[in-house]
Amino acid sequence: QVHPVESGGGLVQAGDSLRLSCTASARTFSSYAMGWFRQAPGKVREIVTYIRWSDGYTYYTGSVKGRFTISRDNAKNTVYLQMNSLKPEDTAVYYCAAGRGGSYPGNYNYWGQGTQVTVSS
């Protein structure tokens, strides 16, 4: 499939961990940077993290540094988002996207359907 497919969202308590997965076609996975975005109700979609195919460079937005980790399994065409020490403010729909990388949503051509992450206090 061209568009990534996310899984792994759910309802957790503050301080818990959750791992999101995103699977794409081999062509998509090997051609693009893979990013995770999130969008909370009433807010704009924001970058969480992304990883570049070419050199494995990773970027994290400040609020998740030290808590979230992005990784990729090339053999499975899958990128993961490990989220630790979750906070209520992490509550959002999380989207996986494939594109040329960077923080701007417009840089990404292909988007998943999103998966809901809800963190209760």
Side-chain angles (χ1 to χ4, degrees):
Q1 72 283 2
V2 176
H3 291 272
V5 178
E6 308 99 335
S7 62
L11 171 63
V12 297
Q13 294 186 332
D16 285 352
S17 297
L18 204 58
R19 189 178 79 161
L20 306 183
S21 300
C22 171
T23 301
S25 68
R27 178 180 177 182
T28 300
F29 197 76
S30 63
S31 300
Y32 295 100
M34 300 296 294
W36 286 98
F37 288 77
R38 66 186 180 186
Q39 188 166 17
K43 295 189 176 181
V44 299
R45 191 169 298 188
E46 64 172 357
I47 185 70
V48 177
T49 177
Y50 71 87
I51 185 168
R52 285 198 304 232
W53 162 253
S54 57
D55 57 5
Y57 169 83
T58 57
Y59 165 88
Y60 296 92
T61 194
S63 62
V64 307
K65 281 183 180 178
R67 300 189 298 123
F68 291 12
T69 303
I70 189 171
S71 61
R72 59 194 298 163
D73 184 333
N74 295 336
K76 296 182 178 179
N77 300 325
T78 299
V79 62
Y80 301 100
L81 179 62
Q82 179 66 44
M83 304 185 292
N84 298 330
S85 303
L86 282 161
K87 304 176 180 180
E89 50 263 44
D90 295 318
T91 295
V93 177
Y94 283 70
Y95 297 90
C96 178
R100 57 187 176 94
S103 303
Y104 179 51
N107 290 350
Y108 293 79
N109 308 79
Y110 304 106
W111 291 82
Q113 80 286 355
T115 185
Q116 177 70 46
V117 172
T118 303
V119 184
S120 64
S121 57

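Bear in mind that the values here come from a model prediction, so they are computed numbers and not experimental data.
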(Q) Checking Ile70 against Val79 for the side-chain contact (heavy atoms from CB on, under 4.5 Å) test, could you report, in this order, the C-alpha distance in whole Å, the side-chain angles of both residues, the deciding distance, and whether it holds? (A) CA-CA 7 Å; Ile70 189 171; Val79 62; 3.6 Å; yes
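- Classification of the Tyr94-Phe68 ring pair by plane angle, with boundaries at 30° and 60°, yields tilted.
- No side-chain N or O of Thr23 forms a donor-acceptor pair with one of Asn77 less than 3.5 Å apart.
- With Asn84 contributing its side chain and Ser17 its backbone, the two residues share no donor-acceptor pair below 3.5 Å.
- Interatomic distance, Trp36 CH2 to Ile47 CD1, rounded to the nearest 0.5 Å: 11.5 Å.
- At distances below 3.5 Å, at least one donor-acceptor pair connects side-chain atoms of Arg67 with backbone N or O atoms of Ser85.
- For the pair Glu6 (side chain) and Gln113 (backbone), a donor-acceptor distance under 3.5 Å is present.
- Within 6.0 Å of OH in Tyr104 there are 12 or fewer heavy atoms belonging to other residues, nucleotides or ligands.
- One N or O on the side chain of Thr49 and one on the backbone of Tyr59 form a donor-acceptor pair closer than 3.5 Å.
- Taking NZ of Lys87 as the reference point, atom OG of Ser121 lies at 13.5 Å (rounded to 0.5 Å).
- No donor-acceptor distance shorter than 3.5 angstrom exists from the side chain of Thr61 to the backbone of Val48, with no hydrogens or angles considered.
- Formation of a donor-acceptor pair under 3.5 Å by the His3 side chain with backbone atoms of Trp111 is found in this model.
- Ring pair Tyr108/Phe37 is perpendicular by interplanar angle, where above 60° counts as perpendicular and below 30° as parallel.
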